[in-house]
*Asks:* 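Have a look at the structure that comes next, please.
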2 protein chains.
Amino acid sequence: MNAPALTKNQALVFEVLEKADGPLSAYTILDKLRDHGFRAPLQVYRALEKLLEYGVVHRLESINAFVACAHPDQNCHSHGIVAFAICESCGHVMEFHDHEVDHRLMNWTRGKKFKAEKTTIEIRGLCETCAA
Amino acid sequence: MNAPALTKNQALVFEVLEKADGPLSAYTILDKLRDHGFRAPLQVYRALEKLLEYGVVHRLESINAFVACAHPDQNCHSHGIVAFAICESCGHVMEFHDHEVDHRLMNWTRGKKFKAEKTTIEIRGLCETCAA
DNA sequence: ATCGCACACGTTATAGCATAACGCAATTGA
DNA sequence: TCAATTGCGTTATGCTATAACGTGTGCGAT
Ligand SMILES: [Zn+2]
Ligand SMILES: [Zn+2]
Ligand SMILES: [Zn+2]
Ligand SMILES: [Zn+2]
């Protein structure tokens with residue numbers, strides 16, 4: 001999905017996520033935008049819905065949070081599954097993909113005639129700094 | 001983790017999950033156990049916490065639900081990451097592992113010196129029956 | 001025996017995450 | 001102009017999960 005120009009709310013939410021140094025919950029985003037007129041969760045969720053659709057934001061299912069895409073330029077999402085490593089101590093997220101993993105999972109689903117729509121890979125643990 | 005004898009509440013929750021033909025939310029489990037004296041969410045969550053610890057139940061992060069382990073005998077979880085394919089139409093879940101996927105992800109984390117604690121792989125889509 | 005501890009349990013309250021449903025305004029394209 | 005689409009704001013509600021407190025029971029150490 002290519003991203004059209006963002007609306008005001010979408011741009012505000014995206015900006016907050018870009019500036020953050022880690023994933024944010026929808027309600028945290030809401031709090032950061034109260035000064036800009038945001039009053040209700042739906043304003044955030046509606047913007048997030050579009051940003052996810054455009055592929056510029058990812059949702060981390062295992063921690064109910066959202067993060068700006070780390071690969072804004074290359075549209076790597078069009079050719080593979082995105083995986084995340086999430087540090088449970090400092091909150092930092094690393095985004096990557098591995099075509100071999102994609103391939104293996106696709107092989108499995110094909111064998112089962114399962115039609116995959118959306119795949120989540122999230123590794124929780126400790127980043128190098130926090131594990132030391 | 002090896003499973004000691006289950007307490008009454010743990011056994012009740014586990015039985016509900018075993019009999020279900022798909023994942024259940026904690027609150028759905030609660031409703032199914034009201035006749036057995038369950039009154040509050042914590043009774044379910046506390047039992048689930050132990051069942052997860054024992055490895056006889058899995059949590060599906062992407063849909064906030066719980067499912068009985070499909071491989072009760074082989075303790076396959078001790079030697080690999082568990083992956084799930086979840087049908088978004090009928091709710092059926094298939095549980096599997098792929099050592100090559102584990103290997104690739106472990107390679108990546110080792111390269112980044114990331115200490116993985118818990119990895120989630122969930123494929124949402126349509127099962128063979130529902131996709132037809 | 002009884003003390004101390006660990007653990008399961010029950011209850012109430014609260015926190016955190018997400019969506020339904022209504023109505024209005026601006027845009028677009030037939 | 002009219003209809004359809006999209007974004008927006010508001011209120012209310014629903015779903016998911018945990019905090020905090022207290023009770024009872026079993027069991028080993030003293
Ligand atoms: Zn990305
Ligand atoms: Zn860290
Ligand atoms: Zn299992
Ligand atoms: Zn199905």
Side-chain angles (χ1 to χ4, degrees), chain A residues 1-17 20 22-54 56-67 86 88 91 118 120 122 124, chain B residues 1-17 20 22-54 56-67 86 88 91 118 120 122 124:
Chain A
M1 170 75 59
N2 215 5
L6 300 182
T7 67
K8 184 162 175 291
N9 284 5
Q10 288 160 19
L12 285 167
V13 168
F14 184 57
E15 194 182 341
V16 166
L17 282 174
L24 300 178
S25 78
Y27 277 72
T28 302
I29 297 170
L30 173 58
D31 285 339
K32 288 181 183 292
L33 288 176
R34 290 206 188 273
D35 293 344
H36 291 76
F38 275 50
R39 317 285 318 169
L42 256 191
Q43 296 174 276
V44 177
Y45 281 107
R46 288 205 273 230
L48 285 172
E49 185 180 18
K50 287 301 181 183
L51 295 171
L52 290 168
E53 190 180 317
Y54 302 153
V56 296
V57 161
H58 300 295
R59 176 196 182 95
L60 301 177
E61 314 268 10
S62 65
I63 59 173
N64 296 317
F66 304 85
V67 68
I86 307 166
E88 299 194 289
K118 176 88 175 65
T120 296
E122 296 177 15
R124 267 120 44 241
Chain B
M1 170 73 60
N2 216 7
L6 299 184
T7 68
K8 185 160 175 291
N9 284 4
Q10 288 161 17
L12 285 168
V13 169
F14 184 57
E15 193 183 340
V16 166
L17 281 175
L24 300 179
S25 78
Y27 280 75
T28 302
I29 297 170
L30 173 59
D31 285 339
K32 288 182 183 294
L33 288 176
R34 290 206 187 273
D35 293 345
H36 291 76
F38 275 51
R39 318 285 319 167
L42 255 192
Q43 295 175 276
V44 177
Y45 281 108
R46 286 205 272 230
L48 285 172
E49 185 180 17
K50 288 299 181 185
L51 295 171
L52 290 168
E53 190 181 318
Y54 301 154
V56 296
V57 161
H58 300 296
R59 176 197 182 92
L60 301 177
E61 314 266 11
S62 65
I63 59 173
N64 296 317
F66 303 85
V67 67
I86 307 166
E88 300 194 287
K118 176 86 174 67
T120 297
E122 296 177 15
R124 267 116 51 237

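Reckoned from all heavy atoms, side chains included, excluding hydrogens, waters and symmetry mates. Note on naming: letters A, B, ... go to the chains in the order of the sequence lines (proteins, then strands), and numbering restarts at 1 for each one.
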*Asks:* Measure CG/B:Asp31 against C1'/D:dC15 and give the value in whole Å, please.
*Replies:* 12 Å
*Asks:* Rounded to whole Å, please give me the gap between CD in B:Glu49 and C1' in D:dT16.
*Replies:* 15 Å
*Asks:* How long is the straight-line distance from CD1 of B:Ile29 back to CD of B:Glu15, given to the nearest 0.5 Å?
*Replies:* 12.5 Å
*Asks:* Can you find a heavy atom in the side chain of B:Val67 that is under 4.5 Å from one in the side chain of B:Arg59?
*Replies:* no
*Asks:* Please step through salt bridge (Lys or Arg N to Asp or Glu O under 4.0 Å) for the pair B:Lys50 and B:Glu53, ending with a clear verdict.
*Replies:* CA-CA 5 Å; B:Lys50 288 299 181 185; B:Glu53 190 181 318; 3.6 Å; yes
*Asks:* Tell me: OH of B:Tyr45 to P of D:dA17, nearest whole Å?
*Replies:* 4 Å
*Asks:* Which pairs, protein N/O on one side and nucleotides 23-27 of chain D N/O on the other, fall under 3.5 Å?
*Replies:*
none

*Asks:* Mind checking which nucleotides bracket the chain B contacts on DNA chain C, 5' to 3', with an atom under 4.0 Å from a heavy atom?
*Replies:* C:dA8 to C:dT12
*Asks:* Side chains of B:Thr28 and B:Val16: closer than 4.5 Å at any heavy-atom pair?
*Replies:* no
*Asks:* Taking the side chain of A:Thr7 as heavy atoms from C-beta outward, which of D:dG9, D:dG7, D:dT10 is closest to it?
*Replies:* D:dG7
*Asks:* Would B:Tyr27 pass as stacked on D:dT16, i.e. its ring centre under 5.5 Å from the base's six-membered ring centre and planes under 30° apart?
*Replies:* yes
*Asks:* Step by step, work out the salt bridge (Lys or Arg N to Asp or Glu O under 4.0 Å) result for B:Arg124 and B:Glu122.
*Replies:* CA-CA 6 Å; B:Arg124 267 116 51 237; B:Glu122 296 177 15; 5.2 Å; no
*Asks:* Between B:Arg46 (CZ) and D:dG22 (C1'), how many Å, whole number?
*Replies:* 11 Å
*Asks:* Output, in order, the C-alpha distance, side-chain angles, deciding distance and verdict of side chain to side chain contact (heavy atoms under 4.5 Å, CB included) for A:Leu12 and A:Phe38.
*Replies:* CA-CA 10 Å; A:Leu12 285 167; A:Phe38 275 50; 3.8 Å; yes
*Asks:* Of B:Pro41 and B:Ala47, whose nearest nucleotide on DNA chain C comes first from the 5' end?
*Replies:* B:Ala47
*Asks:* Starting at atom CZ of A:Phe38, determine the distance to atom P of D:dG9, rounded to an integer number of angstrom.
*Replies:* 7 Å
*Asks:* Scan residues 57-66 of chain A against DNA chain C and write down, sorted by residue number, each residue with any heavy atom closer than 4.0 Å; if none is found, say none.
*Replies:* A:Arg59, A:Asn64
*Asks:* How about A:Leu6 and A:Tyr54: do any of their side-chain heavy atoms sit closer than 4.5 Å?
*Replies:* yes
*Asks:* Nearest-Å distance, CD (B:Gln43) to C1' (D:dA17)?
*Replies:* 15 Å
*Asks:* Can you tell me how far OH of A:Tyr45 sits from CZ of A:Phe66, rounded to the nearest 0.5 angstrom?
*Replies:* 6.0 Å
*Asks:* Of all the heavy-atom pairs spanning B:Glu61 and B:Thr120, show the shortest one and how long it is.
*Replies:* CG-OG1, 3.6 Å
*Asks:* In this structure, how many angstroms lie between the P atom of D:dT11 and the CZ atom of A:Arg39, rounded?
*Replies:* 9 Å
*Asks:* Is any side-chain heavy atom of B:Lys32 less than 4.5 Å from a side-chain heavy atom of B:Leu24?
*Replies:* yes
*Asks:* Write down the distance between NZ (A:Lys8) and C1' (D:dC8), rounded to a whole number of angstrom.
*Replies:* 11 Å
*Asks:* Report yes if some heavy atom in the side chain of A:Arg39 is under 4.5 Å from a heavy atom in the side chain of A:Leu30; otherwise report no.
*Replies:* no
